[in-house]
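Report on the structure given below.
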Amino acid sequence: MAIGGVLSLPCLALLLLVSWNAGLAPAEGLPPCEFPAIYNFGDSNSDTGGISAAFYPMGSPTGETFFHRPVGRASDGRLIIDFIAEHLGLPYLSAYLDSLGRSFRHGANFATGGSTIRRQNESVFENGVSPFSLDIQTAHYNQFVVRTSYLYEHARTEKFRRSRLPRPEDFSKALYVFDIGQNDLAAGFRKMTNEQLNASIPEIVNQLATAIQHLYQQGARTFWIHNTGPIGCLPITLRYVHNPMPGYLDQIGCVKEQNEMALEFNQQLKERVMQLRDELPEAALTYVDVYAAKYGLIANSTREGFERARKMCCGYEWEEKHVWCGQKASINGSEVLAGSCEDPSIFISWDGVHYTDAANHWISERILSGSLSDRPEVRITHACYRV
């Protein structure tokens with residue numbers, strides 16, 4: 001069965017045979033999935049307004065390139081999750097925590113900036129760590145399903161109200177996206193030795209797997225799982241590197257040990273996803289190598305049209321002082337506003353941590369095509385097939 005349509009078994013078998021004989025991945029011979037909705041779980045790399053609604057709203061100049069106003073995204077424009085929605089012909093996701101004037105007919109976003117997989121005993125006001133860890137996000141999803149299903153059932157005569165709610169039958173047909181884990185590593189670098197952080201990775205990965213298993217038990221079937229990016233290449237990380245010892249940086253100038261930790265996390269996540277395929281017989285799980293896309297962009301930035309690969313577009317730097325994007329600070333007795341650069345399209349990094357609209361677009365084109373999926377060439381449009 002394809003999402004949104006039905007294929008008879010003889011027809012499905014014939015299409016699979018034809019696609020194999022053509023030398024393509026089996027899904028390529030099948031019609032695209034018709035995802036009615038997207039449900040996203042993650043951190044600021046995919047937060048479309050959650051942390052902004054929960055605490056303080058993001059101000060200018062965020063959103064300036066594409067939306068032309070702040071819209072709760074840590075970027076000058078769109079995030080990868082926005083490009084996923086565009087690619088699938090769906091509206092941009094409304095943040096679950098931002099309920100005013102929103103429609104949830106085509107999904108919801110439970111991601112919040114600063115979120116981690118594993119709960120951290122820290123405050124958002126201390127280190128920017130969100131209280132909405134992955135287990136809380138899945139609890140929000142549970143509440144969302146129960147409440148919207150009840151409201152949908154009891155809004156039979158209110159057409160406008162019902163049109164903003166998800167159809168209960170769509171939950172099992174939706175695409176479930178995960179983009180989380182970077183902040184677990186960042187917290188580990190801040191609080192642990194490398195040996196301790198490395199030893200904690202299996203537990204972190206297993207907690208992500210537990211979230212997937214829980215959603216599967218609730219009826220979710222199609223999962224699109226991003227690994228974590230090259231944290232050692234972030235400009236905010238490199239800013240504090242002075243006169244490094246030989247071997248501290250890799251061949252493109254990123255902090256080697258931090259990227260090695262990210263690669264270890266990714267390898268364990270990939271292996272766990274493979275195990276989940278055996279444990280969840282009706283699930284279609286795709287592991288996506290976002291790390292490869294981001295690292296490839298940074299390594300080949302000039303060739304790809306990004307002239308300022310290792311600098312941030314938005315923020316203010318002076319000697320050892322750093323003012324975050326959109327913030328004000330007093331430096332040498334003068335008030336400084338950390339504004340944005342003239343042309344964000346030639347920058348990879350928006351604010352030292354997050355990516356620009358242009359960079360997110362470049363990365364999205366690589367991952368949505370299926371070229372970085374662990375299942376051979378499975379495009380996101382065919383992610384619902386278990387092949």
Side-chain angles (χ1 to χ4, degrees), residues 39-47 50-51 54 81 96-97 108-124 127-145 174-229 231 258 260-280 283-291 374:
Y39 293 98
N40 182 70
F41 304 83
D43 52 33
S44 56
N45 288 308
S46 62
D47 179 4
I51 203 70
I81 190 66
Y96 168 74
L97 295 174
N109 194 348
F110 300 93
T112 63
S115 286
T116 53
I117 296 171
R118 189 169 65 167
R119 291 187 189 181
Q120 304 291 321
N121 188 25
E122 294 181 298
S123 165
V124 67
N127 289 310
V129 175
S130 169
F132 306 111
S133 52
L134 184 56
D135 60 326
I136 301 301
Q137 292 182 29
T138 55
H140 284 170
Y141 171 81
N142 294 344
Q143 186 179 39
F144 178 85
V145 172
L175 176 68
Y176 290 79
V177 179
F178 286 82
D179 192 332
I180 193 168
Q182 178 174 303
N183 291 323
D184 291 88
L185 297 184
F189 292 135
R190 189 171 62 248
K191 300 190 295 185
M192 303 178 184
T193 65
N194 284 352
E195 291 75 19
Q196 291 171 329
L197 177 56
N198 189 68
S200 72
I201 289 177
E203 180 188 348
I204 297 171
V205 169
N206 278 330
Q207 287 195 26
L208 196 157
T210 297
I212 293 172
Q213 291 168 327
H214 174 79
L215 293 174
Y216 179 84
Q217 292 165 0
Q218 305 304 309
R221 290 297 179 264
T222 303
F223 301 90
W224 185 262
I225 305 160
H226 294 176
N227 67 12
T228 198
I231 189 172
Q258 291 197 8
E260 287 176 344
M261 197 69 72
L263 288 170
E264 178 61 28
F265 172 87
N266 291 342
Q267 181 59 37
Q268 293 193 34
L269 176 60
K270 182 177 181 179
E271 292 171 358
R272 191 67 185 91
V273 170
M274 294 173 65
Q275 294 172 3
L276 285 171
R277 291 193 180 116
D278 293 328
E279 298 169 10
L280 310 177
L285 300 105
T286 305
Y287 168 91
V288 186
D289 194 357
V290 173
Y291 181 102
D374 73 320

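- We find the CD-CD1 distance between Gln267 and Ile201 to be 11.0 Å, quoted to the nearest 0.5 Å.
- Between the Asn198 side chain and the Asn194 main chain, no donor and acceptor come within less than 3.5 Å of each other.
- Annotation: side chain of Asp135 is in contact with side chain of Arg119 (closest heavy-atom distance under 4.5 Å).
- No more than 12 heavy atoms of other residues, nucleotides or ligands sit less than 6.0 Å from atom CE of Met274.
- Shortest non-hydrogen contact noted between Gly181 and Ile117 is CA-CD1, 3.8 Å.
- Residues Asp184 and Phe265 fail the side-chain proximity criterion, which asks for heavy atoms closer than 4.5 Å.
- Between Gln213 atom CD and Leu208 atom CG the span is 10.5 Å, to the nearest 0.5 Å.
- Aromatic rings from Tyr141 and Tyr176 are positioned such that their centres are separated by under 6.0 Å.
- Evaluated for a side-chain contact (heavy atoms from CB on, under 4.5 Å) with Phe41, the options Ile225, Thr112, Thr138 yield exactly one hit, Thr138.
- Using a 4.5 Å heavy-atom cutoff, the side chains of Met261 and Ile231 are not in contact.
- Expressed to the nearest 0.5 Å, how far CG of Leu215 lies from CD of Gln217 amounts to 9.0 Å.
- Of the possible donor and acceptor atoms, one in the side chain of Gln120 sits under 3.5 Å from a partner among the backbone N and O of Arg118.
- Residues Thr116 and Asp43 are not in side-chain contact: their nearest non-hydrogen atoms beyond the backbone lie 4.5 Å or more apart.
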Given Phe223 and Leu276, is the side chain to side chain contact (heavy atoms under 4.5 Å, CB included) satisfied, shown in steps? CA-CA 11 Å; Phe223 301 90; Leu276 285 171; over 6 Å; no
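- Side-chain contact between Leu185 and Gln258: absent, with no pair of heavy atoms (C-beta onward) separated by less than 4.5 Å.
- At least one side-chain heavy atom of Gln268 sits less than 4.5 Å from a side-chain heavy atom of Glu264.
- Just one residue in the list Ile180, Asp47, Ile81 forms a side-chain contact (heavy atoms from CB on, under 4.5 Å) with Asn40, and that residue is Ile81.
- Here the straight-line distance linking atom CD of Glu203 with atom OG1 of Thr210 works out to 10.0 Å at 0.5 Å rounding.
- A donor-acceptor pair shorter than 3.5 Å cannot be found between the side chains of Glu271 and Gln275.
- Of the possible polar contacts, none joining the Asn227 side chain to the Leu269 backbone as a donor-acceptor pair under 3.5 Å is found.
- With Asn109 contributing its side chain and Ala111 its backbone, the two residues share a donor-acceptor pair below 3.5 Å.
- Residues Asn45 and Gln182 meet the side-chain proximity criterion, which asks for heavy atoms closer than 4.5 Å.
- No donor-acceptor pair under 3.5 Å is formed between the side chain of Arg272 and the backbone N or O of Asn206.
- Looking at every heavy atom in both residues, Thr228 comes nearest to Tyr291 through O-CB, 3.3 Å.
- Checked by atom type and distance alone, the side chain of Asp179 never pairs as donor or acceptor with a backbone atom of His226 at under 3.5 Å.
- At distances below 3.5 Å, at least one donor-acceptor pair connects side-chain atoms of Arg221 with backbone N or O atoms of Tyr216.
- Scanning both residues, Ser130 and Ile51, for their nearest heavy atoms gives OG-CD1, 3.8 Å.
- Between the CG atom in Leu134 and the OG atom in Ser115 there is a gap of 8.5 Å [rounded to 0.5 Å].
- Looking only at side-chain heavy atoms (C-beta outward), Phe110 and Phe132 stay at 4.5 Å or farther from each other.
- Judged by distance alone, the side chains of Gln143 and Tyr96 do bring a donor and an acceptor atom under 3.5 Å apart.
- With rounding to the nearest 0.5 angstrom, the CZ atom of Arg277 is 11.0 Å from the OH atom of Tyr287.
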